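First comes the structure, then the notes that go with it.
Keep in mind that what you see is a predicted model, and the values were worked out from it rather than measured.
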Amino acid sequence: VTINAVKSGMVRVACEKIKDMLDKLPRDRNQPVSNMRIGIICYTKVLHFFNINKDLATPKHMVVSDVEDIFVPLQEGFLADPMESRELLDVLLDQIPNMFNINNSSPASESVYAPVIQAGCEALKANNCPGKILMFHSSGLPTAEAPGKLKPHEDKKLLGSNKEHLLWTAADKVYSTVAKQCVDAGVGVDTFLFTSQHVDLATMGLEHHQRLANLRRHVILGSTNHAQ
């Protein structure tokens with residue numbers, strides 16, 4: 001929910017599409033409803049967790065600013081049955097675009113990346129279930145102070161030279177560690193990139209190199225053009 005994510009319309013479109021997905025979640029054969037559970041994390045240079053326990057009147061918002069040693073601030077209510085908590089999820093997904101709107105707050109321009117995946121993985125592990133993390137990322141390189149912070153990893157002069165392989169070498173071992181944690185926990189990661197900025201896929205894509213899941217990049221996003 002960085003300023004780029006908000007201004008581009010990505011946050012609003014993502015929330016709308018997640019609401020649509022709630023009606024189409026996969027279910028086991030001969031089961032009338034899905035047994036999947038869902039949790040939501042928003043992030044800039046800090047992580048925003050939401051309690052969507054069905055017994056609450058409204059979603060509860062918690063912020064974790066210590067991204068050096070990430071933890072999930074709640075066990076009960078983070079992962080919820082989307083049917084039982086549907087009203088809360090609808091309210092939350094309607095609120096998020098306005099919650100981080102530049103007119104209502106001061107969105108950060110920098111973001112983290114690796115700590116978000118770590119938090120999602122830890123939440124699934126704590127609930128003794130495998131699962132999948134869907135990342136919607138629009139701020140280019142994660143430059144906020146946190147594990148996995150990256151600097152530009154691009155030098156066109158190396159293209160076609162005997163040093164070109166350096167462009168495809170991971171710049172931070174944190175991502176290898178995160179990828180292994182996900183593999184061990186049975187957690188997949190699908191990342192959707194919405195940015196025209198330089199993105200160090202050699203490093204940030206390590207979990208995808210481990211065949212955990214998929215990565216897609218959308219260079220230009222407009223909420224009107226991408227509403228379908």
Evaluate the side-chain proximity of [Y] to [X]: yes if any heavy-atom separation is below 4.5 Å, no if none is.
X      : Y      : result
Leu150 : Tyr175 : yes
Arg27  : Pro32  : no
Gln118 : Val112 : no
Tyr43  : Met135 : yes
Arg37  : Cys129 : yes
Ile40  : Ile52  : no

Before accepting this row, confirm whether a basic side-chain N of the pair Lys19/Glu16 lies closer than 4.0 Å to the acidic partner's carboxylate O.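 Judged by the 4.0 Å cut-off on N to carboxylate O distance, Lys19 and Glu16 do not form a salt bridge.
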
For Asp190, is there an ion pair with Lys132 - N to carboxylate O distance below 4.0 angstrom?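 A salt bridge links Lys132 with Asp190.
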
Kindly compute the distance separating [atom1] ([X]) from [atom2] ([Y]), expressed to the nearest 0.5 Å.
X      : Y      : atom1 : atom2 : answer
Asn51  : Leu56  : CG    : CG    : 5.0 Å
Lys45  : Ser65  : NZ    : OG    : 10.5 Å
Met204 : Ile117 : CE    : CD1   : 8.0 Å

Can you see which heavy atom on [X] is nearest to which on [Y], and at what distance?
X      : Y      : result
His137 : Gly140 : NE2-O, 2.8 Å
Leu88  : Asn53  : CD1-O, 2.9 Å
Ala123 : Asn127 : O-ND2, 2.8 Å
Cys15  : Leu93  : CB-O, 3.4 Å
Cys121 : Val187 : SG-CG2, 4.1 Å
Leu25  : Pro82  : CD1-CG, 3.5 Å

Under 3.5 Å, side chain of Thr2 to main-chain N/O of Thr44, donor-acceptor pair present?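 Side chain of Thr2 to backbone of Thr44, a donor-acceptor pair under 3.5 Å: no, none is there.
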
Give the intermediate values and the outcome of side-chain contact (heavy atoms from CB on, under 4.5 Å) for residues Val11 and Phe136. CA-CA 8 Å; Val11 174; Phe136 300 91; over 6 Å; no

Under a single-linkage definition using a 4.5 Å side-chain heavy-atom cutoff for Ile, Leu, Val, Met, Phe, Trp and Tyr, are [X] and [Y] assigned to the same hydrophobic cluster?
X     : Y     : value
Met62 : Phe71 : yes
Met99 : Val46 : no
Val91 : Ile41 : no
Met83 : Leu89 : no

Start with the C-alpha gap between Thr203 and Tyr113, add the side-chain angles, then the distance that decides, and say whether side chain to side chain donor-acceptor pair (under 3.5 Å) holds. CA-CA 11 Å; Thr203 304; Tyr113 187 83; over 6 Å; no

Could you label the plane-to-plane angle of the His61 and Phe50 rings as parallel, tilted or perpendicular, counting under 30° as parallel and over 60° as perpendicular?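 Parallel.
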
Mutual orientation of the aromatic rings belonging to Phe100 and His48 [parallel < 30°, tilted 30-60°, perpendicular > 60°]: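 The rings of Phe100 and His48 stand perpendicular, inter-plane angle above 60°.
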
Pair Asp28, Asn35 - check side-chain contact (heavy atoms from CB on, under 4.5 Å), show working. CA-CA 8 Å; Asp28 293 334; Asn35 61 3; 3.2 Å; yes

Should we count CD of Glu76 as having more than 12 external heavy atoms under 6.0 Å?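 Open.
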
May I have the step-by-step check of side-chain contact (heavy atoms from CB on, under 4.5 Å) for Ser8 and Phe194, ending in yes or no? CA-CA 9 Å; Ser8 71; Phe194 302 92; 5.7 Å; no

Taking side chain to side chain contact (heavy atoms under 4.5 Å, CB included) as the criterion, tell me which of Thr177, Asp184, Val183 meets it with Gln181.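 With Gln181 as partner, Thr177, Asp184, Val183 yield a single side chain to side chain contact (heavy atoms under 4.5 Å, CB included), made by Thr177.
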
Between Met21 and Leu134, does a side-chain contact (heavy atoms from CB on, under 4.5 Å) hold up when you go through it step by step? CA-CA 12 Å; Met21 289 169 57; Leu134 302 182; 3.9 Å; yes

If only side-chain N and O atoms count, and only distance matters, is there a donor-acceptor pair under 3.5 Å linking Ser111 with Ser139?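 Note: Ser139 and Ser111 side chains meet the donor-acceptor criterion.
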
